[in-house]
Number of protein chains: 2
Amino acid sequence: MTDTTTAERSHVRGSLNRDRVLHGALEFADREGIEPLTIRRLADHLGVKPMTIYHYVANKEAIIDGMIDLVFDEIERPPADGAWRAGIRSRAASLREVLRRHPWATPLMESRTNPGAATLGHHDAVLACWYRSGLPLELIAHGLAVVDAFVYGFALQEAALPFGDHQGDLTEAAEEIILPLPTGEHPNLVRFTQEHVLQPGYDFGRSFDFGLDLILDGLEAAARRDEDAR
Amino acid sequence: MTDTTTAERSHVRGSLNRDRVLHGALEFADREGIEPLTIRRLADHLGVKPMTIYHYVANKEAIIDGMIDLVFDEIERPPADGAWRAGIRSRAASLREVLRRHPWATPLMESRTNPGAATLGHHDAVLACWYRSGLPLELIAHGLAVVDAFVYGFALQEAALPFGDHQGDLTEAAEEIILPLPTGEHPNLVRFTQEHVLQPGYDFGRSFDFGLDLILDGLEAAARRDEDAR
DNA sequence: GACACTACTCGTACTTAGTACGATGAGTCA
DNA sequence: TGACTCATCGTACTAAGTACGAGTAGTGTC
């Protein structure tokens with residue numbers, strides 16, 4: 001969205017720049033996770049020595065701020081026109097997809113105190129869509145909070161699934177963690193695992209569309225009730 | 001829930017034990033956050049030297065596992081009888097309250113691969129309540145995922161609010177972050193801040209009950225539709 | 001009462017982080 | 001050519017996690 005022209009390098013001498021640092025960090029975190037992301041390893045990944053990085057960013061915190069802003073930049077914004085419900089829906093779906101690509105980011109998205117341009121722009125565009133709905137302000141605020149809570153929480157749960165969400169891993173993990181439990185102590189956990197999680201075709205992600213539509217339906221119903229009440 | 005008898009200390013000599021380590025860590029994290037929680041600082045907090053701690057826990061990861069299990073232990077479980085909706089509702093409210101007391105815990109609740117007894121027991125009790133609802137399995141799975149996603153996501157957002165959620169802090173933060181933005185660049189952000197967030201009596205938390213009821217209503221409606229369809 | 005034993009505590013030190021400070025060297029322009 | 005600039009990096013300091021093994025204070029035994 002915010003187009004990252006590679007322009008501003010007037011001095012071509014340097015092979016590195018802030019952009020490459022941030023994208024390198026993003027790649028690294030996607031592959032290895034955010035905890036293993038250290039300045040030294042990032043430097044290796046970028047083919048430079050650790051201290052070189054500090055020429056482009058103030059410190060590690062600034063790198064994380066920048067990474068989160070890159071993530072926000074990837075999220076599809078609701079179009080400036082069209083039905084609000086479709087806009088909110090597709091933005092929510094996009095947010096979820098982006099968080100699947102960057103599972104380490106979920107807990108950080110709303111907790112950074114130094115929002116970047118893409119972050120602010122994204123939130124502004126989302127608010128624009130909500131405002132366009134014509135819903136009463138109270139409902140807009142509720143909708144905003146509930147939809148985002150749902151998407152972030154869902155992403156948090158998806159991130160906790162044994163990686164890749166390629167069936168096999170999940171099956172394996174379920175069998176390793178749940179089934180060997182002391183016999184009979186957690187009957188419901190075992191039952192649910194066996195008759196649902198371990199069934200062929202099981203897909204946690206299916207609950208996403210279900211939940212999102214459930215929430216949007218509920219909001220529209222509330223809007224109708226609200227309208228009738230005046 | 002899992003009652004933590006101080007019994008198993010047959011040798012009274014030691015002033016420390018695993019329990020005190022974990023509770024100390026919990027207190028520390030509640031007060032200072034989880035990042036500042038280091039073995040050295042925890043040792044200070046407990047009045048011992050760092051290496052003493054390792055007599056009671058294998059390593060820092062084990063401390064975090066234990067802390068999360070303590071948090072799960074604080075969550076009110078749905079009672080073994082009574083209406084499922086009330087059980088799910090009060091458990092969700094309790095989960096949210098617990099996560100408010102331990103905001104650092106939210107991202108970790110579902111991502112630890114070494115669940116403790118309280119964690120497993122909690123999930124088993126929640127599943128029991130869902131099963132008691134008599135909803136079709138597919139709906140149970142959706143309900144489970146959607147309610148938890150909502151609560152965790154909501155907690156994540158609440159944790160991101162300038163601490164204490166004592167009005168003043170939030171007002172201050174909103175004024176410091178949003179209002180000084182480049183004039184006119186984020187009209188919706190500014191508008192929403194002014195006409196909603198900065199209004200007297202604003203309370204983000206109100207959206208919790210709204211969202212939770214919206215989801216539960218939606219589930220009941222889906223259950224009715226499902227029943228009619230057979 | 002002396003002694004060995006055990007459980008707990010801690011001192012020391014090694015490894016891996018973040019990063020301050022200043023040196024080096026390559027290109028640029030006068 | 002020499003002064004200047006800027007990107008890169010070497011060195012080193014501080015703070016983490018924690019391995020290893022030494023001290024020590026009770027306890028039970030003869």
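Each chain gets a letter, A, B and so on, in the order its sequence line appears, and its residues count up from 1.
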Check your understanding: Is NZ or CZ of R96(B) both nearer than 6.0 Å to the six-membered ring centre of F208(B) and within 45° of the ring axis?
Key -> yes
Review point. How is T52(A) classified with respect to the nucleic acid when contacts are heavy atoms under 4.0 Å: base, sugar-phosphate, or nothing?
Key: base
**Study point:** Criterion salt bridge (Lys or Arg N to Asp or Glu O under 4.0 Å) on R91(B) and E76(B), from CA distance to verdict
**Key:** CA-CA 6 Å; R91(B) 176 270 183 177; E76(B) 186 189 307; over 6 Å; no
Residue-phosphate contact under 4.0 Å: [X] side-chain N/O, [N] OP1/OP2:
X      : N       : result
Y54(A) : dC21(C) : no
H55(B) : dC8(C)  : yes
R41(B) : dA15(D) : no
K60(A) : dG18(C) : yes

Take atom [atom1] of [X] and atom [atom2] of [N], then tell me their distance rounded to the nearest Å.
X      : N       : atom1 : atom2 : result
D44(A) : dA17(C) : CG    : P     : 10 Å
Y56(A) : dC6(D)  : OH    : P     : 12 Å
E35(A) : dA16(D) : CD    : P     : 16 Å

Review point. According to the interplanar angle, ranging from 0 to 90°, do the rings of Y202(A) and H196(A) count as parallel (below 30°), tilted (30 to 60°) or perpendicular (above 60°)?
Key: perpendicular
Review point. How do G47(A) and R40(A) order along DNA chain D: which one's closest nucleotide is nearer the 5' end?
Key: G47(A)
Review point. Distance only, no hydrogens: is a donor on one side chain within 3.5 Å (strictly under) of an acceptor on the other, for R206(B) and H142(A)?
Key: no
